[in-house]
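Below is one structure, written out as structure tokens; the observations come after it.
All ligand and atom numbering here is 1-based and tracks the order in the structure.
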Amino acid sequence: MDAFTLAKQRFADWGVDVDQALAAAQRTPVSLHCWQGDDVGGFENPSGTLGGGLQATGNYPGKARTPDELRSDLEQAIRAIPGACRLNLHAIYAETSRPVPRDELAFEQFAGWVDWCADQGLGFDFNPTCFSHPLAEDGLTLSHPDPVVRAFWVRHCQACRRIGGEAGRRLESPSVVNVWIPDASKDTPVDRRGPRERLLAALDEVFAEPVAHTVDAVESKLFGIGAESYTVGSHEFYLGYAATRKTMLCLDAGHFHPTESVADKISAVMAFVPGILLHVSRGVRWDSDHVVIADDPTRAIFEEVVRGGYLPRVAIGLDYFDASINRVAAWIVGTRAAKKCLLNALLEPTARLREAEASGDFTARLALMEEAKNLPFGAVWEEFCSRSGVAPGPEWLDDVRRYERDVLSQR
Ligand code: RNT
Ligand code: ZN
């Protein structure tokens, strides 16, 4: 008997239907963040510096400089990723023949990306870019005290929702449009109330127009570099916003105090918001956006999503950027890790664990949870990969090395 057949039997002994888990893993998309490919640079201003308290560290050679290069790199990554994917694009990745101000961006500048998505069988998700811009230099956008600056960012976000809607219509799959703004203060502010009231009013303007084929999301944050003392769009702010305005809430794994559990938040916020967008990320000591790995916090997030039956209300996106290693490999490692955590959660013998818990047998609960860790996950993962026509093991690295030699090193 081959390893997969044996594994299937072992899981069945624990009451787990492997084929069902594989089917769910196959159809659940992970949205690939374009910004891993070029250190959140974008094509608007190739020499511009990254703003908004974000920081990409490292100078590994070969980063994408044009939309075509970025798409080619993404294609290389997707070849090594099993199951469904989407593209998660930021507005600064517009394709323009002349400079287009961000508040005038329209679908036209993203048609190339959306055609490519149609070609590759990817859905499209989108993000207004409220950083790396002269009007965001003081770190304030939608909460800016100057109504002219605020209105510019409102128009930008409105434009992005329409772009997302048109993409969603064409691809017959709604686009998640996620609003994150950097608005914050380095040192202790006197007025914490004013910016939050302005942000609330600005967001209501952004979301006033109903746009079909989009799903709106808002993303909170704890702090950023040079923005340590106060963040306008804090967790409480956006939790309240998403709950009252019925938008999705984006939970970025790096946007909380390191001892907080993002997994634990899921069932709490799901009681009040229509859905969540996950920004799967890995903070090392701070919101450092390291490449995602299949670590305990990431596994716990996916366990909670699956155990709670929340998959239909969850959009899975990645948010990390590492410029110190091969960027295509970074995409592959992080996305495969997220998918491993997803598949692992789908293979959990939850019914058996619940039974122990419900009967008050906490000894059995603990014992079974630990024993379940030895189930032959690897054989099912390999099956998932081969059914998707993807390398089950590290062979993909040889392809990436070849691509590095032939393409990346020529840049
Ligand atoms: C920033 C947020 C945000 C960005 C991307 C580029 O802290 O996490 O999601 O990382 O939009
Ligand atoms: Zn994020």
Distance-only N or O hit between ligand 1 and Asn127, under 3.5 Å: no

For atom 9 (O) of ligand 1, the protein heavy atom that lies nearest, with its residue and separation: Glu219 OE1, 2.7 Å

Top protein contact for atom 10 (O) of ligand 1, by heavy-atom distance: Asp319 OD2, 2.8 Å

Ligand 1 contact on Lys221 by region, counting heavy-atom pairs under 4.0 Å: side chain

Rounded to 10 degrees, the angle OD2 of Asp319 makes with OD2 of Asp252 at the Zn ion (ligand 2): 90°

Exam field: side chain Glu260 to backbone His257, donor-acceptor pair closer than 3.5 Å: yes

Heteroatom N/O/S of His255 within less than 2.8 Å of the Zn ion (ligand 2): no

Numbering as shown, the atoms of ligand 1 that approach Asp252 to under 4.0 Å (heavy-atom distance): 8 (O)

Atoms in ligand 1 flagged as close to His255, the criterion being non-hydrogen separation under 4.0 Å: 1 (C), 2 (C), 7 (O), 8 (O)

Parallel, tilted or perpendicular: ring planes of Phe223 versus Trp286, cut at 30 and 60 degrees: tilted

Closest approach to the Zn ion (ligand 2) by His279, given as the N, O or S atom name: ND1

Distance from atom 6 (C) of ligand 1 to nearest protein heavy atom, with residue and atom: His90 NE2, 3.4 Å

Enumerated ligand 1 atoms positioned under 4.0 Å from heavy atoms of Leu54: 1 (C), 7 (O)

